[in-house]
Amino acid sequence: MAILVHLPSFMAGPITAALQRTAPDIPVWNGREAAPPEAVEAIIAWGLKPGVLPTYPNLRLVCAATAGVDKLLAAPDLPEGMPVTRIVDPGQQTGIAHYVLATALRHARGLGTYAEQQRRGEWKRHPGRDLSRCRVGVLGLGEIGSAVARMFAAIGYPVAGWSRSGKGIPGVTDYTGDEGFAAMLSKSDILVCALPLTSQTNGLLNRQTLSLLPAGAFFINVGRGEHLVEADLIALIDAGHLAGAALDVFAKEPPAADDPIWNHPRIEATPHIAADPSYELVAQQCVENLRRARDGRELLNQVDRNAGY
Ligand code: NDP
């Protein structure tokens, strides 16, 4: 019985090798062509096209190769009751927090403005912002959002966070529910999205909600592109309400050649690199969960399929 790696090639090779190092006793197939369908017990994937899952009659487990599971849960033929697990990697959480901090500090310290001035040969000082005008709001206080919130709090920024349950993180003001969402946005000079993509969060950041942000606010998206209505963001930046944005995720990756973000002077775009999980850890968590599934034990990092994350 075996593991099937069904991933884009840039991840498939390293994860296959890591699985082989982690569990030399378990056969691993990289790609569907070579894998005998009845042998496949676990699939490690990012997304699954219709028709893939029904091929494997002895499947016990679907493992996401990263923290986000929206693409996997969207598989129309995911059998009811099939356990789905995801990766929880403290190193990835820290990496994403570093990315968010880097982009936020660049904005808060006006480094983009100074870079533009440098290219023009201009020596001009601007008044610094005091921290009380850099209130940070983090949407989603899970593994990633809480790492982001803690890091801002540790360097003295006023931090708030929005979650479903309220997390009680020291130094982070909790907001929950629709009212909490609006209240937090109205006090966020820097808004960070670290939400999972679900039916409730899809399109959450649009003209109406982004307008709640204070004038001059900056938006950072490390969640999913579909959280944001990109045209609405651009309209609010162009109208001068928002100062700009740093986007690591897009509804279409890469964005189309004529997508305005490529040339927008107030938007920094990166190709979904905020941080990858460790491939060794992906392999270890997948193997551990396969062993647990075989023994009927509780799985690590099992997704709540009803909640969608
Ligand atoms: P978690 O599942 O640990 O946390 C999700 C958080 O979102 C929880 O705090 C949850 O609240 C909150 N939440 C979910 N739905 C709602 C809602 N309707 N209203 C309010 N709060 C809500 O996820 P992670 O932190 O591990 O990952 C978050 C996302 O980050 C992933 O789903 C993925 O999309 C993205 N990601 C991006 C990467 C990148 O490179 N840019 C890399 C990896 C992940 P509660 O705590 O109350 O349940």
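Note that ligands are numbered from 1 as they come in the structure, with each ligand's atoms numbered from 1 the same way.
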Query raised in the report: For ligand 1, which atoms sit closer than 4.0 Å to a heavy atom of Q200?
Result: 18 (N)
Query raised in the report: Is the closest N or O pair between G140 and ligand 1 shorter than 3.5 Å?
Result: no
Requested in this report: Check each atom of ligand 1 against the heavy atoms of G142 and keep those under 4.0 Å away; list them by number with element.
Outcome: 1 (P), 3 (O), 4 (O), 6 (C), 8 (C), 9 (O), 25 (O)
Requested in this report: For atom 22 (C) of ligand 1, state which one of H227, E226, R164 supplies the nearest heavy atom.
Outcome: R164
Report summary line: Short version for L195: what comes under 4.0 Å of ligand 1, heavy atoms counted, is both
Report task. Pull out every atom of ligand 1 sitting under 4.0 Å from any heavy atom of D248, numbered as shown with elements. Result -> 39 (C), 40 (O), 41 (N)
Query - Charged N-O contact under 4.0 Å between D25 and R291 - result: yes
Query raised in the report: Does K167 come within less than 4.0 angstrom of ligand 1, counting non-hydrogen atoms of the residue?
Result: yes
Query raised in the report: Of all the atoms in ligand 1, which lie at a distance below 4.0 Å from a heavy atom belonging to A275?
Result: 40 (O), 42 (C)
Requested in this report: Under 4.0 Å from a heavy atom of V249: give me the atoms of ligand 1 that qualify, with their elements.
Outcome: 41 (N)
Query raised in the report: Under 4.0 Å from any heavy atom of W162, which atoms of ligand 1 are there?
Result: 19 (N), 20 (C)
Report task. With heavy atoms of I96 as the reference, note each atom of ligand 1 found under 4.0 Å away. Result -> 38 (C), 42 (C), 43 (C)
